[in-house]
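Data first, discussion second: the structure below is written as structure tokens.
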Protein chains: 2
Amino acid sequence: MFLTDYIGALDTRNSMNVNEGNCLHTLFAKQPAEHLSASQSLFFEGDDANHVYEVLDGVLRVFRIVSDGRRVITAFLYPGDFIGFSLRETYLYSAEAVTPATIRRMPRRQFETAVAADEDLRAQVFAKTCCEMAATQEQMVLLACKSAEERLCSFIRRHMQRVTMSGERAATVDLPMSRQDVADHLGLTIETVSRTFTKLINKNVISLDNPAARHLLRIEKHGMLEFLAGDNDDCAEIRQQGGLVMYGGRGRH
Amino acid sequence: MFLTDYIGALDTRNSMNVNEGNCLHTLFAKQPAEHLSASQSLFFEGDDANHVYEVLDGVLRVFRIVSDGRRVITAFLYPGDFIGFSLRETYLYSAEAVTPATIRRMPRRQFETAVAADEDLRAQVFAKTCCEMAATQEQMVLLACKSAEERLCSFIRRHMQRVTMSGERAATVDLPMSRQDVADHLGLTIETVSRTFTKLINKNVISLDNPAARHLLRIEKHGMLEFLAGDNDDCAEIRQQGGLVMYGGRGRH
DNA sequence: CGCCATATTGAGAATGATCAATGCCGGTGG
DNA sequence: CCACCGGCATTGATCATTCTCAATATGGCG
């Protein structure tokens with residue numbers, strides 16, 4: 001299931017895959033591993049959804065091409081993610097490798113049969129689907145009302161939470177996707193993404209050790225990055241009060 | 001399941017509820033109907049997700065309040081939709097009635113037990129979840145790269161597809177949600193929504209029979225509305241070619 | 001009748017898009 | 001070895017869409 005990223009509280013990636021009973025990872029383990037080179041396609045939007053996939057290694061992008069030719073990357077996929085659980089006839093999006101990647105594939109019928117027969121597997125598919133829904137909604141919130149800076153900071157943080165093991169704060173993080181990928185995921189142009197990176201570097205929130213390695217970020221101020229991401233969840237009490245009306249606007253900065 | 005709207009090809013609302021076997025609607029039929037008055041809350045973001053719901057009548061809004069107080073309406077719910085299938089511990093959003101509404105509720109445990117025991121029900125939950133995912137992705141595309149006019153036209157069309165029975169083109173359509181609701185769903189301000197309505201009226205794409213009844217739209221030019229929605233799906237061949245690169249940009253008009 | 005919530009309209013500001021030029025690096029081939 | 005080229009990224013100048021702030025309708029309801 002894709003889009004498991006970001007929702008720490010719901011993330012089952014670490015817990016589920018080490019279950020004593022049947023688990024999705026061991027189900028897929030019977031399938032041969034396949035390697036994808038960077039930018040290689042896995043399937044196209046509109047293709048018959050004949051397989052479901054597990055990502056073992058690398059990063060993939062999941063995207064749609066809209067009528068005027070622009071691309072919307074709805075998600076990036078990381079090791080431990082699955083693709084195609086909540087599909088039926090055809091793929092609703094295309095999938096490509098961002099980095100060289102390793103995946104396993106399983107025929108959909110076989111997958112459905114295995115899941116139908118096993119309670120544990122169903123629970124894990126359900127959990128993955130819940131994470132995917134939560135992450136998709138988080139992305140909707142980002143696109144609906146965040147500024148360019150908030151979008152980029154949110155994205156960097158989400159990416160970090162996916163690539164770093166269980167929570168410790170890495171000093172540097174590799175952002176393997178291109179600026180264009182980032183732009184198409186955040187609903188911005190490549191120029192705006194580039195300018196926003198520059199702004200964050202000037203603020204010394206992040207830095208590039210080596211200007212040549214534009215994909216290797218050093219996080220200088222984790223707290224600042226979190227603050228600028230703008231998902232401070234400090235309004236639980238406001239929500240509960242119900243009556244307090246401060247809706248509307250896009251509230252840019 | 002919410003967000004079943006819009007994806008006509010995947011919509012199972014009409015087919016599933018008249019199954020010969022067990023179906024979700026009959027499962028919920030054992031529960032008493034409850035009535036909600038306009039703007040009445042069903043549950044709040046963060047509450048324990050103790051129930052799942054079926055919408056029998058009326059329209060509901062599903063939303064989150066973000067840290068700076070703005071509201072993001074992630075979906076509207078219509079008769080035949082269900083709420084809370086893909087949740088576990090807590091609700092990730094709040095739900096309120098837009099119009100007076102009728103719903104049934106079922107304890108989550110009871111629901112899960114019933115679904116676990118019945119293959120037909122599982123298939124229907126799966127189908128609803130697929131529709132929800134598809135609609136959420138459609139909304140992500142809208143938010144990522146559509147102009148105000150495209151957003152509003154898309155929204156009017158989606159709404160029409162939910163409220164009109166099986167496909168015929170109604171001359172008029174009731175849009176029961178406020179301009180603020182529309183704005184918060186489309187990632188716009190109320191002023192932009194209002195201006196865009198005016199623009200569509202000036203173009204005679206839509207009209208108001210009675211200026212007093214701002215919620216009762218007459219669709220003057222269905223084709224124009226569809227065109228302006230900008231989801232013309234005329235690029236299937238481009239997608240398949242793969243190599244053709246014309247990504248980037250937000251391509252406003 | 002007056003008040004309130006909702007909606008519309010206007011003027012100005014701002015964020016981000018667009019268009020265009022430049023920089024940087026890695027590979028290729030003379 | 002170096003010059004050239006292509007892809008990617010950055011930067012600059014200008015423009016446009018949409019936001020913001022403000023004022024003004026409009027209708028429902030006590």
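Everything quoted here is computed from the prediction, not taken from an experiment. In what follows, every heavy atom counts, from backbone to side chain, and hydrogens, waters and symmetry copies are set aside. In what follows, chains carry the letters A, B, and so on, assigned in the order in which the sequence lines appear, proteins first and then strands, with residues in each chain numbered from 1.
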(request) Note down the inter-axis angle between the two ends of the helix from C:dC1-D:dG30 to C:dG30-D:dC1, five pairs each, to the nearest 10°. (result)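 Here the helix ends are tilted 20° relative to one another.
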[Y] backbone acceptor or donor facing [X] side chain under 3.5 Å:
X	Y	value
B:Q161	B:R158	no
B:S37	B:Q40	no
B:H185	B:I73	yes

(message) Is A:H215 close enough to D:dA9 that one of its side-chain N or O atoms is under 4.0 Å from OP1 or OP2 there?
(response)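 Answer is yes, contact under 4.0 Å.
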(message) When you measure from the side-chain N and O atoms of A:T189 to the phosphate of C:dG16, is any distance below 4.0 Å, counting only OP1 and OP2?
(response) no
(message) By the salt bridge (Lys or Arg N to Asp or Glu O under 4.0 Å) test, which pairs, at least two apart or in different chains, include something from residues 185-205 of chain B?
(response)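 Non-adjacent pairs meeting salt bridge (Lys or Arg N to Asp or Glu O under 4.0 Å): B:E149-B:K199, B:E149-B:K203.
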d([atom1], [X]; [atom2], [N]) in whole Å:
X	N	atom1	atom2	result
B:L188	C:dA14	CG	C1'	16 Å
A:L152	D:dA9	CG	P	13 Å
A:E149	C:dA14	CD	C1'	15 Å
B:K146	C:dA17	NZ	C1'	19 Å

(request) Not counting sequence neighbours, which residues clear side chain to side chain contact (heavy atoms under 4.5 Å, CB included) with A:N202? List them please. (result)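 A:T198.
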(message) Between A:Y91 and A:F43 (judged by ring centroids, cut-off 6.0 Å), do the two rings come close enough to count as a pair?
(response) yes
Check nucleotides 10-14 of chain D against the protein and report each pair of N or O atoms closer than 3.5 Å, with its distance, or say if there are none.
residue	atom	partner	partner atom	Å
D:dT10	OP1	A:R179	NH2	3.1
D:dT10	OP2	A:R179	NE	2.9
D:dT10	OP2	A:S194	OG	2.7
D:dT10	O5'	A:S194	OG	2.9
D:dT11	OP2	A:T198	OG1	2.5
D:dG12	N7	A:R195	NH1	2.8
D:dG12	O6	A:R195	NH2	3.1
D:dA13	N6	A:R195	NH2	3.3

(message) Tell me every residue that passes salt bridge (Lys or Arg N to Asp or Glu O under 4.0 Å) with A:D174, counting only those two or more places apart in sequence or in another chain.
(response)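 A:D174: no salt bridge (Lys or Arg N to Asp or Glu O under 4.0 Å) contacts found.
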(message) Among residues at least two apart in sequence or on other chains, which ones pass salt bridge (Lys or Arg N to Asp or Glu O under 4.0 Å) with A:R218?
(response)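 Checked A:R218 against salt bridge (Lys or Arg N to Asp or Glu O under 4.0 Å); matches are A:D209.
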